[in-house]
Amino acid sequence: MSKLLTANFLRLKKSKLFWIISAFIAVISYFGLVDAYETNRKLADWHKGMEDFDFVPTTALHMLYGLTPILGLLTAVMIAIFIGTEYHDNTMRNKLICGQPRVRVYLANLLTCIFIAVLFYLIPVVITLAVGIPLLGMPHVTTASLLQLFLFGIIGLLLSAVYASLCTLIGMLVHNRSFSLLAGILLTLSLLICATFCTSRLDEPEYYSDYVLSMRSDGSQEISASEPIKNPHYLEGNARQLVQFLYDFLPGGQAIQISNLDVAHPFLLILYSLGITGASTLAGLAFFKKKDLK
């Protein structure tokens with residue numbers, strides 16, 4: 001196993017795509033912080049002198065996990081190319097010909113891919129802490145809020161392992177690099193789209209107010225709110241429980257919750273991530289043992 005991991009990390013060190021994606025994540029993280037700083041400055045100038053000044057600036061805390069939703073897509077691209085190159089260059093067959101068991105080959109690639117996903121996740125976090133705090137500042141945090149942030153970070157790390165395990169499953173079973181890349185991109189995009197749909201349905205208000213335009217006796221117009229009206233699109237009962245389950249279970253939903261710092265069921269998310277990672281790993285091992293590598 002150690003020889004396989006050493007070989008994988010040497011390949012990773014020489015991979016131009018790995019360094020390009022890492023640099024891309026670092027750059028968009030930095031410029032996202034700069035853009036938030038400029039926005040804060042402009043809004044603060046606009047609100048100066050207003051009696052109803054109620055401007056809440058964006059802080060480094062709000063940006064800490066902001067890139068989490070797109071990291072699954074970047075991870076899918078990197079893993080598909082990384083594993084696909086082994087098939088393309090016949091490295092996979094050579095490993096097996098040299099006597100390496102299939103289980104070790106699969107697990108070595110999985111651990112390498114988890115490292116890739118975790119690193120992509122940590123790059124924006126480190127940049128936000130190093131650059132965002134001096135630039136944007138941090139709100140007053142308590143011990144409870146720090147523990148909550150740490151818990152969200154753990155959920156994000158486990159989510160990275162979920163994406164890595166799913167993409168490794170695809171990469172190890174689909175030997176064609178192009179098909180593997182397409183499948184990984186479609187999977188991560190589908191998970192994110194489904195999570196976005198769940199978010200929109202769960203955010204539907206139970207009641208909404210309509211507004212009535214009427215004329216006063218002096219000819220002026222008056223706008224008044226009507227009695228609250230039941231929203232027909234509001235989910236209730238089993239339907240809401242099902243959508244909430246999908247929102248918590250799907251990696252895309254977890255990514256959105258982490259980026260918004262709004263995780264309703266953190267320990268459930270941890271269990272779901274561990275379950276998905278374990279199930280996809282077992283499935284990948286079972287199918288890879290039977291895969292014909294000719």
Side-chain angles (χ1 to χ4, degrees), residues 1-26 70-123 156-191 251 272-294:
M1 178 72 80
S2 60
K3 292 182 179 179
L4 291 171
L5 287 173
T6 301
N8 282 350
F9 283 114
L10 286 175
R11 282 186 55 224
L12 192 62
K13 182 180 178 181
K14 297 178 181 179
S15 172
K16 293 181 180 179
L17 179 63
F18 171 72
W19 294 110
I20 289 173
I21 295 178
S22 299
F24 173 74
I25 295 173
I70 70 167
L71 296 181
L73 179 62
L74 298 176
T75 299
V77 172
M78 181 64 216
I79 291 176
I81 300 300
F82 182 78
I83 296 179
T85 301
E86 287 203 335
Y87 281 113
H88 183 269
D89 297 342
N90 289 324
T91 307
M92 190 73 70
R93 289 183 61 193
N94 293 338
K95 288 180 178 179
L96 300 178
I97 292 173
C98 292
Q100 292 290 349
R102 293 196 177 206
V103 172
R104 289 186 181 179
V105 172
Y106 188 97
L107 291 179
N109 282 345
L110 174 63
L111 291 175
T112 307
C113 293
I114 289 177
F115 171 81
I116 292 171
V118 168
L119 184 64
F120 287 172
Y121 171 75
L122 291 177
I123 288 174
L157 291 175
L158 293 176
L159 178 61
S160 301
V162 170
Y163 279 121
S165 63
L166 292 174
C167 294
T168 302
L169 171 65
I170 295 173
M172 294 295 285
L173 299 183
V174 181
H175 68 275
N176 186 289
R177 187 165 47 184
S178 299
F179 290 163
S180 175
L181 177 60
L182 180 61
I185 292 175
L186 288 178
L187 174 64
T188 51
L189 283 178
S190 299
L191 291 172
Y272 291 151
S273 293
L274 292 174
I276 295 173
T277 302
S280 58
T281 300
L282 292 176
L285 287 170
F287 286 114
F288 185 64
K289 286 180 180 179
K290 301 177 182 179
K291 179 176 174 59
D292 185 3
L293 297 178
K294 291 181 181 181

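Side chains are part of it too, since the values below use all heavy atoms of this structure and drop only hydrogens, waters and symmetry mates. Just so it is clear, the structure is predicted and the values come from calculations on it, not from any experiment.
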Exercise for the section: Using a cut-off of 6.0 Å, state whether more than 12 heavy atoms not belonging to R102 lie near its atom CZ. Expected result: yes

Handout entry: M78 and F18, any side-chain heavy atoms less than 4.5 Å apart
Key = yes

Handout entry: CG on N109 to CG on L5, rounded to 0.5 Å
Key = 9.0 Å

Practice task
Please round to the nearest 0.5 Å and tell me the distance separating atom CG of L186 and atom CG of L73.
Solution key: 10.0 Å

Handout entry: Minimum side-chain heavy-atom gap E86-R11 below 4.5 Å
Key = yes

Fill in the blank from the handout: Between the CG atom in L4 and the SG atom in C98, the distance rounded to the nearest 0.5 Å is 9.5 Å

Handout entry: Min side-chain heavy-atom separation I123-S22 under 4.5 Å
Key = yes

Practice task
Given side-chain contact (heavy atoms from CB on, under 4.5 Å), test I83 with I170 step by step and report yes or no.
Solution key: CA-CA 10 Å; I83 296 179; I170 295 173; over 6 Å; no

Handout entry: Flag side-chain contact, heavy atom, 4.5 Å: L12 against F115
Key = yes

Practice task
Could you tell me whether a side-chain N or O of W19 sits under 3.5 Å from a main-chain N or O of K14, the two making a donor and an acceptor?
Solution key: no

Practice task
With the side chain counted from C-beta on, respond yes when V105 and M172 share a heavy-atom pair under 4.5 Å apart, and no when they do not.
Solution key: yes

Fill in the blank from the handout: CD1 (I79) and CG (L74) are apart, to the nearest 0.5 Å, by 11.0 Å

Practice task
Using a 4.5 Å cut-off on heavy atoms from C-beta on, say whether the side chain of L157 contacts that of L122.
Solution key: yes

Completion exercise
OG (S15) and CG (N8) are apart, to the nearest 0.5 Å, by 11.5 Å

Problem - Flag side-chain contact, heavy atom, 4.5 Å: F120 against S160 - result: no

Practice task
Measure the spacing between CD1 of I70 and CG of L189 and express it to the nearest 0.5 Å.
Solution key: 11.5 Å

Handout entry: Worked verdict on L158 versus Y272 for side-chain contact (heavy atoms from CB on, under 4.5 Å)
Key = CA-CA 10 Å; L158 293 176; Y272 291 151; over 6 Å; no

Practice task
Tell me, with the steps shown, if I276 and L166 meet side-chain contact (heavy atoms from CB on, under 4.5 Å).
Solution key: CA-CA 8 Å; I276 295 173; L166 292 174; 4.3 Å; yes

Handout entry: Non-hydrogen atoms of T188 and I185 that approach each other most closely
Key = OG1-O, 3.0 Å

Problem - Heavy-atom pair of closest approach, residues S280 and T277 - result: OG-O, 3.1 Å

Handout entry: pair T75-I21: side-chain heavy atoms closer than 4.5 Å
Key = no

Practice task
Carefully, step by step, assess L107 and L285 under the rule side-chain contact (heavy atoms from CB on, under 4.5 Å).
Solution key: CA-CA 8 Å; L107 291 179; L285 287 170; 4.3 Å; yes

Completion exercise
Between V162 and S165, the two heavy atoms sitting closest are O-OG, 2.8 Å

Problem - Heavy-atom neighbours of F287 CZ exceed 12 at 6.0 Å - result: no

